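Accompanying notes for the structure given below.
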Amino acid sequence: MSDPDAVVVEEFMRVVERGSVQHLASRVRGRLRPGATAWDALGRLFPAVTASGLPKAPACAAISRHEGARGLYSGAVLTVDHTGALDAALVLRAIYRAQGRTWLRAGPASSARPPRTGAGGDPGEAAQRQPVPGRRGDDVTVLIDGALGWPDADVERYRREGYWGEDTLGDLLGQWAGRYGDAVAVVAGPSRRTYAELDRAADARARSLRALGIAEGDRVVVHLPNTAEFPVTLFGLLRAGAVPVLTLPAHRQAEIEHLAALSGAVAYVGPDVVEGFDHRELALQVAKAVPSLRHLLVDGEPLPGRPRSPTCPPAPPSRSRGPTPDRSRSCSSPAAPRASRS
Amino acid sequence: MTVDESARAEAYRGSVAAAVAEIGEDRFRKVILSRTVPVTEPVDLPATYRHGRAHNTPARSFLLRLGGLEAAGFSPETVVEVAADGTFSTQPLAGTRARSGEPERDAELSDELRRDPQGDLRARGVGPGRPGRGGAR
């Protein structure tokens with residue numbers, strides 16, 4: 001519908017006031033491709049996800065099954081003019097009258113609490129887990145326990161055609177360091193890290209993680225923004241044999257808690273405070289709800305007054321000479337009782 | 001004016017329970033099922049519109065009579081806005097908190113919204129027919 005280069009997120013999660021309530025609003029702007037009309041844009045964006053649910057198509061099918069015809073509710077009122085301009089207002093918070101009958105229509109969102117799985121999950125709930133589709137037959141290769149597998153026929157083809165090799169991502173970084181050594185690998189603001197420095201920093205990070213007790217196959221939630229620490233942590237986890245569970249910086253407690261519980265994560269790695277949001281507080285809340293989480297690691301300052309975790313690793317040998325100090329060594333433990341889980 | 005919110009509540013609860021069961025089968029993650037509430041007293045729609053417009057801050061509002069249908073409403077968001085030059089924008093909303101009228105309390109609620117925009121989904125979504133904190137669409 002739009003040239004991808006023309007798409008701009010103008011506002012992201014800004015609080016807007018609407019009468020007696022307030023919401024988070026985002027605005028995405030684009031430019032119609034040549035040949036496309038306002039109706040194409042409406043066709044793609046209608047019905048509003050705010051009024052249907054996620055994902056849109058199955059949610060709309062469910063609405064038809066359970067509700068029948070909605071009439072104007074959750075539809076749109078349009079103004080269209082001869083210039084091609086169109087304005088579609090989502091219909092909610094309205095009163096309707098037809099054939100002598102007057103009515104209101106409203107509905108809250110329905111979702112289901114995701115089942116808890118993983119090490120700390122309730123056994124009763126865990127027993128209700130859906131079988132992992134990839135493990136039903138013998139003709140499937142499962143690379144990571146608990147994750148979907150690939151059909152063996154595809155695996156053979158990927159290997160034959162060279163899409164899949166034998167190198168791990170952690171190995172690849174070592175190869176790049178050997179080949180490009182002093183070339184800059186990471187640019188983050190004023191700081192620079194060469195391939196060799198990134199390679200050494202990733203090794204040091206892997207050692208720190210192992211010293212914490214993070215073992216092969218352990219899931220670790222990574223909630224870092226795009227800083228120089230992100231690739232160090234990512235490669236460090238991969239070299240430690242852990243499985244990084246990558247999340248988005250905009251994720252908040254609901255998403256992080258779900259992903260941590262679903263993956264049975266043993267650790268969370270996040271920043272301290274970004275744009276006024278304290279990720280350490282989020283981590284403490286998530287740790288309360290997800291029993292498998294044993295370690296909360298902060299890239300930055302631990303919460304004031306909070307003891308450093310007894311399992312906080314000693315400073316790794318200062319082989320990393322990158323201009324960015326290796327700040328991720330500071331780690332905080334959650335409230336005292338939880339530290340005993342470490 | 002009062003409306004009877006309990007009208008057809010049983011049928012609605014049944015629909016929501018069925019939809020939540022389907023979510024459990026991973027067919028979708030979230031759905032907004034609505035129900036109608038009959039208004040039995042006479043309503044002056046133009047006056048309702050004028051009153052609502054004076055006391056609300058909608059993105060759009062409308063008062064219409066089209067075919068046999070009349071409606072007045074206060075739209076919180078646009079589905080799409082297309083300008084004559086081909087630029088378009090859409091403004092989806094997420095999360096809902098009340099506005100109390102007290103600036104301090106409202107600021108707290110705004111902070112809560114920023115911290116955990118979808119937290120209210122769980123509060124209002126876990127049981128059938130249990131709307132949460134002002135989350136009605």
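Residue numbering restarts at 1 for every chain, and letters A, B, ... go by the order of the sequence lines. Everything numeric in this text was worked out from a predicted model, so none of it was measured.
Listed by first then second residue, pairs satisfying side chain to side chain donor-acceptor pair (under 3.5 Å) with a partner in residues 80-91 of chain A read A/Asp81-A/Thr83, A/Asp87-B/Arg60, not counting sequence neighbours. Within the structure, no pair that satisfies the ring-ring contact (aromatic ring centres under 6.0 Å, His included) test touches residues 26-60 of chain A, not counting sequence neighbours.
Contact tally against chain A (heavy-atom pairs below 4.5 Å) for B/Pro58, B/Ala72, B/Gly68, B/Gly67: the top residue is B/Ala72. When each of A/Val28, A/Leu42, A/Val15, A/Leu72 is checked for heavy-atom pairs under 4.5 Å with chain B, A/Val28 comes out on top. If you tally non-hydrogen atom pairs under 4.5 Å between each of B/Thr40, B/Asn56, B/Leu66 and chain A, the highest count goes to B/Asn56. Chain B forms the most heavy-atom pairs under 4.5 Å with one residue out of A/Val16, A/Leu32, A/Leu78, and that residue is A/Leu32. Of the listed residues (B/Ser89, B/Ser34, B/Gly73), the one with the most heavy-atom contacts under 4.5 Å to chain A is B/Ser34. Most heavy-atom pairs under 4.5 Å with chain B, from the set A/Ala88, A/Gly84, A/Ala98: that is A/Ala88. Counting heavy-atom pairs closer than 4.5 Å to chain A, the top-ranked of the candidates B/Glu41, B/Glu81, B/Glu70 is B/Glu70. Most heavy-atom pairs under 4.5 Å with chain B, from the set A/Gln99, A/Arg44, A/Arg70, A/Arg101: that is A/Arg70.
If you check the side chains of A/Gln22 and B/Ser110, you find a donor sitting under 3.5 Å from an acceptor.
By the 30° and 60° cut-offs, the orientation of the rings of B/Tyr49 relative to B/Phe74 is parallel.
In this structure, B/Pro76 and A/Leu92 approach most closely via the heavy-atom pair CG-CD1, 4.0 Å.
Checked against A/Glu281 for a side chain to side chain contact (heavy atoms under 4.5 Å, CB included), the options A/Val273, A/Val286, A/Leu303 give a single hit: A/Leu303.
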